[in-house]
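Have a look at the structure below, then the notes.
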2 protein chains.
Amino acid sequence: MPSPDRKISESTVRRLSAYLRSLEALEASGAEMASSGELARRAGTTAPQVRKDLSTFGSFGKRGLGYPVVPLIGSLEAILGLTREWRVALLGAGRVGAALHTYPFFRERGFRIVAIFDNDPEKVGLRWDDTTIRHIDELESVLAGEAVEIAILTVPAAPAPALADRVVRAGVGAILNFAPARLELPPHVVVNEVNLAMELELLSFALTRSEPR
Amino acid sequence: MPSPDRKISESTVRRLSAYLRSLEALEASGAEMASSGELARRAGTTAPQVRKDLSTFGSFGKRGLGYPVVPLIGSLEAILGLTREWRVALLGAGRVGAALHTYPFFRERGFRIVAIFDNDPEKVGLRWDDTTIRHIDELESVLAGEAVEIAILTVPAAPAPALADRVVRAGVGAILNFAPARLELPPHVVVNEVNLAMELELLSFALTRSEPR
DNA sequence: GATTGTGAATTATTTCACAGCT
DNA sequence: AGCTGTGAAATAATTCACAATC
């Protein structure tokens, strides 16, 4: 696969993800080729940006014709690391955990939830689909036994940093953090924070500045 | 309040939100002053970045001493538009909607959920706390009656774009979109997308590039 | 002595323009 | 004729360095 050495920015990867979703919609509608302009329109960016982004990883298009939809889907899946299965653990079996667990995207894209943890004795032992909720005390042994690679934190802010440390020491390489707490982890660990407060504050900031027109 | 005319980037606003949370932690621990270095450490950025960000909106610090914690909290709340109440509607009373509705941040920060909609007759009429779930057919009248300013979409991808259009025509100025669909809306509408697929793909991309070391 | 506020320098990202295929 | 791929130009964001102030 074409894989440049230079650093790829987060915004580029986010756009690649958007292109993939646009291409899947195009495939569903029967399109065989897609121009950079068409992809840009659907993904909410510009045609030169699409070409630049894709050209970072290779030459996927045909001049005069555009990009072949199905092959480009395959290429983007390979670039994004979606051609293999990822073993995922859910830490926190509350409402956010439940919402994530039922989200069909996980299975569709090969993110397989192989372990669920909570510290509530009422919840431990319950099964969500095929997965039994384990007590957080069993974290290390289960993570190792299940060869978990990605952890999703949907616990309260207070326990999040300590749990993240434990998870990393148990060999997990990536964390998706829904807890409103900053995690300080070694640089080789990939961390991605999703913070509802921040997302809403972005809206209230923008509204505040635009409203007093 | 100091309010510059030039455009403020999204990343700046995200950092302001992070500073606010850091300051609240500092306040809880009894600190009266905080240096840019301390804020940077907690918010995960650099000291010059903190100073640059804050200086965009005014001069909040004391040279040689740092920033006064409590007053700066107030200033950031004012900048982010958190000193007033925002009237919010939830579209979609599924698991994601339920998770958001119970999130305590909403009330703490003045985001008041004044309307909840779903199209499932089983759900319409149920009450979540003080709010009765209304049928989506009543969208326009309820949004207007409740003077809703922010809509949160937790519906499936298919109906999302049409619902967003309706919501905007009913006068809503900002949308937080959890549906995996791109919304094309007039430029005066503030849209913020939260896409779980994208967040996970960011992790799998990074893992894929780092693992084959 | 410590730390802010900020113009200047640097680095990163996006946009442009056009040569090169199909 | 249409559209990609890409080096060059323009713009944006971050980092630096240091004078100003407490």
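Reckoned from all heavy atoms, side chains included, excluding hydrogens, waters and symmetry mates. Being a predicted model, the structure only gives us computed values, none of them experimental.
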task: Report yes if the side chains of A:Y19 and A:L16 come closer than 4.5 Å at any heavy-atom pair, otherwise no.
output: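 Yes, side chains in contact.
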field: Carboxylate-amine/guanidinium contact B:R84 B:E149, below 4.0 Å
entry: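 Salt bridge between B:R84 and B:E149, a charged N being under 4.0 Å from a carboxylate O: yes.
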Working to the nearest 0.5 angstrom, can you tell me the gap between [X] [atom1] and [Y] [atom2]?
| X | Y | atom1 | atom2 | result |
| --- | --- | --- | --- | --- |
| A:E77 | A:T83 | CD | OG1 | 7.5 Å |
| B:L54 | B:Y67 | CG | OH | 5.0 Å |
| B:F111 | B:F106 | CZ | CZ | 8.0 Å |
| B:I116 | B:T154 | CD1 | OG1 | 9.5 Å |
| B:L65 | B:M33 | CG | CE | 5.0 Å |

Residue mapping more 5' on DNA chain C - nearest nucleotide basis, B:A47 or A:R15: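 Between the two, 5'-proximity favours B:A47.
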Tell me: [atom1] of [X] to [atom2] of [N], nearest whole Å?
| X | N | atom1 | atom2 | result |
| --- | --- | --- | --- | --- |
| A:L16 | C:dT13 | CG | P | 13 Å |
| B:K62 | C:dG5 | NZ | P | 10 Å |
| B:F60 | C:dT6 | CZ | C1' | 15 Å |
| B:K7 | C:dT13 | NZ | P | 16 Å |
| B:L54 | C:dT4 | CG | P | 9 Å |
| B:L39 | C:dT4 | CG | C1' | 12 Å |

- prompt: Looking at B:S59, does any N or O in its side chain come under 4.0 Å of the phosphate oxygens OP1/OP2 on C:dG5?
  reply: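 Indeed, a polar side-chain atom of B:S59 lies that close.
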query: How would you list all residue pairs meeting side chain to side chain donor-acceptor pair (under 3.5 Å) that involve residues 156-170 of chain A, not counting sequence neighbours?
result: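 Listed by first then second residue: A:E140-A:R166.
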- prompt: What does nucleotides 15-20 of chain C look like as a protein-contact string, B for base, S for sugar-phosphate only, - for none, at under 4.0 angstrom between heavy atoms?
  reply: BBB-BB
- prompt: Which residue pairs pass the salt bridge (Lys or Arg N to Asp or Glu O under 4.0 Å) test with at least one member in residues 196-205 of chain B, sequence neighbours excluded?
  reply: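 Checked against salt bridge (Lys or Arg N to Asp or Glu O under 4.0 Å) - neighbours excluded - the pairs reaching residues 196-205 of chain B are A:R14-B:E199, A:R21-B:E201, A:R109-B:E201.
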message: Per the salt bridge (Lys or Arg N to Asp or Glu O under 4.0 Å) rule, what does the pair list look like for residues 52-61 of chain B, sequence neighbours excluded?
response: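 Residue pairs with at least one partner in residues 52-61 of chain B: B:R15-B:D53.
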message: Evaluate A:E24 against A:I73 for side-chain contact (heavy atoms from CB on, under 4.5 Å), listing each step before the verdict.
response: CA-CA 7 Å; A:E24 285 167 341; A:I73 288 175; 4.1 Å; yes
field: Where chain B begins and ends its contact with DNA chain D, read 5' to 3' at 4.0 Å from heavy atoms
entry: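 Here the contact window of chain B covers D:dA13 to D:dC22.
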message: Heavy atoms only, 4.0 Å cut-off, all strands: where does A:S9 land among base, sugar-phosphate and nothing?
response: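 Here A:S9 touches the backbone only, sparing every base.
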Angle of first-five versus last-five pair axes in the helix from C:dG1-D:dC22 to C:dT22-D:dA1, to 10 degrees: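 Answer for the end axes of this duplex: 10°.
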